Amino acid sequence: MKLADIIPLLQLEPLVVIDDLDFEVETACGCDLMSDVLAFSQEKTLLLTGLTNPQVVRTAEMTDIKFIIFVRGKRPQEETIELAREKGINLYLSPKPMFECCGLLYQGGLSSEKIRRI
Amino acid sequence: MQEKLILQNKIAKGDFARGGETSSNLKELLRKLGIQSDKNRRVTIVTYELEMNIIIHSHGGEIQVYISSEKIRVVAADTGPGIEDLEKAFQPGYSTADDEVRDMGFGAGMGLNNIKHYSDELEIETGPGQETKIVATVYL
C-alpha cells in the first residue's frame with residue numbers, strides 16, 4: 001500500500017515528512033509496548049501507537065521503521081518531533097482510534113507481520 | 001582483525017531522556033564501518049534493550065562494544081542490584097518494572113527475550129545483591 005493511499009484513509013496530518021508519498025508500506029504494527037515492536041517489527045513497517053514520548057522514535061530508529069502514526073489525535077511531545085527530524089523518521093497524526101486505523105489498513109490490503117515464536 | 005573497543009558509554013540510572021543515545025551512536029558508527037544493515041539492526045536492538053535495562057533496573061552502569069573481523073560483542077555491566085530470579089526474567093511477559101516505566105512502553109517483559117533472540121551468544125553473570133554483566137555476541 002502506498003503512503004499516498006494511507007493518508008486520506010486515516011485522515012493523516014503530517015508532522016514530520018521525510019520520504020515521498022510513493023513509499024510502499026508492506027505491513028503495520030499497532031502497539032504501545034516498545035519491546036514488542038523491537039521483537040516483531042521489520043523494515044517497511046508502519047508503526048501505529050498511542051504513546052507519544054521520544055522512546056517511540058528511538059524504537060523506530062533501532063528497527064529501521066520509517067513511519068510512525070500517532071492514533072486518537074494524540075499529539076507527540078516536542079522532543080519526539082525534534083528527534084524524528086534528526087533521525088529522518090516520518091511522523092503523522094490520525095484522529096481515528098487504534099482499532100479503526102488497523103481495521104482500515106487491513107481492509108485496504110496490508111497484511112499482518114510474520115510473528116516469530118517466543 | 002584483532003578485537004577493538006569502538007564504543008564505551010556510561011549509562012545513568014533513570015536517565016530516560018538520554019535513553020537510546022548510546023545505541024543510536026552505535027548504529028551510526030556501524031553504518032560508517034560498513035557493517036551489513038541486518039547485522040547492524042540486530043546489534044543495535046540488543047544494545048538498546050541492554051541500555052534501557054540499565055536505566056530502568058540498575059544503579060547505573062556502562063556499555064562497551066568490541067568489534068573484530070568475525071564478531072561484534074556488546075558488554076553491559078552495572079553496579080547492581082542484580083537480577084533476583086533469572087529464570088523468571090526470561091519468561092515472556094514477566095517484569096519487575098514500575099508503572100512509570102510501563103507508561104513509556106517498556107517493562108513488557110520482553111527485553112531479555114529480545115536480547116537472546118537477536119544475539120548468537122549470550123552470557124549473563126548476576127544474582128541477588130550482585131552486579132550484573134551481560135555479554136551479547138553477534139557474528140558477522
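Residue numbering restarts at 1 for every chain, and letters A, B, ... go by the order of the sequence lines. Computed from a predicted structure; not experimentally measured.
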Exercise for review: Could you have a look at M34(A), E79(A), Q55(A), E61(A) and say which one has the most heavy-atom pairs with chain B under 4.5 angstrom?
Suggested key: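 Among the listed options, the one with the most contacts to chain B is Q55(A).
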Review point. Looking at T59(A), V56(A), D36(A), which makes the most heavy-atom pairs under 4.5 Å with chain B?
Key: T59(A)
Check your understanding: Any donor-acceptor pair under 3.5 Å linking the side chain of T44(B) with the backbone of R41(B)?
Key -> yes
Which atoms of [X] come close to chain B, meaning under 4.5 Å heavy atom to heavy atom: side chain ones, backbone ones, both, or neither?
{"X": "L51(A)", "result": "side chain"}
{"X": "N53(A)", "result": "side chain"}
{"X": "T49(A)", "result": "neither"}

Before accepting this row, confirm whether a basic side-chain N of the pair [X]/[Y] lies closer than 4.0 Å to the acidic partner's carboxylate O.
{"X": "K27(B)", "Y": "D64(A)", "result": "yes"}
{"X": "R75(A)", "Y": "E13(A)", "result": "yes"}
{"X": "D78(B)", "Y": "K133(B)", "result": "no"}

Check your understanding: Hey, is NZ on K2(A) packed in by over 12 heavy atoms from elsewhere, all under 6.0 Å?
Key -> yes
Check your understanding: Side chain, backbone, both or neither: which part of E21(B) has a non-hydrogen atom closer than 4.5 Å to chain A?
Key ->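 Looking at E21(B), backbone and side chain both touch chain A.
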**Study point:** Residue N40(B) versus chain A: region with a heavy atom under 4.5 Å
**Key:**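 The answer is neither part of N40(B).
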Exercise for review: Applying side chain to side chain contact (heavy atoms under 4.5 Å, CB included) between T45(A) and each of T63(A), L110(A), I65(A), V25(A), report the one that passes.
Suggested key: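 Considering T63(A), L110(A), I65(A), V25(A), a side chain to side chain contact (heavy atoms under 4.5 Å, CB included) with T45(A) is found only for I65(A).
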Point to revise | chain A contacts, top residue of A17(B), G107(B), G19(B) (heavy-atom pairs, under 4.5 Å) | key: G19(B)
Practice item. Flag the one option from S23(B), S24(B), G109(B) with the top tally of heavy-atom pairs under 4.5 Å to chain A. Key: S24(B)
Exercise for review: Taking the six-membered ring of Y66(B) (Phe, Tyr or Trp), confirm whether the NZ or CZ of R73(B) is under 6.0 Å from its centre and within 45° of its axis.
Suggested key: yes
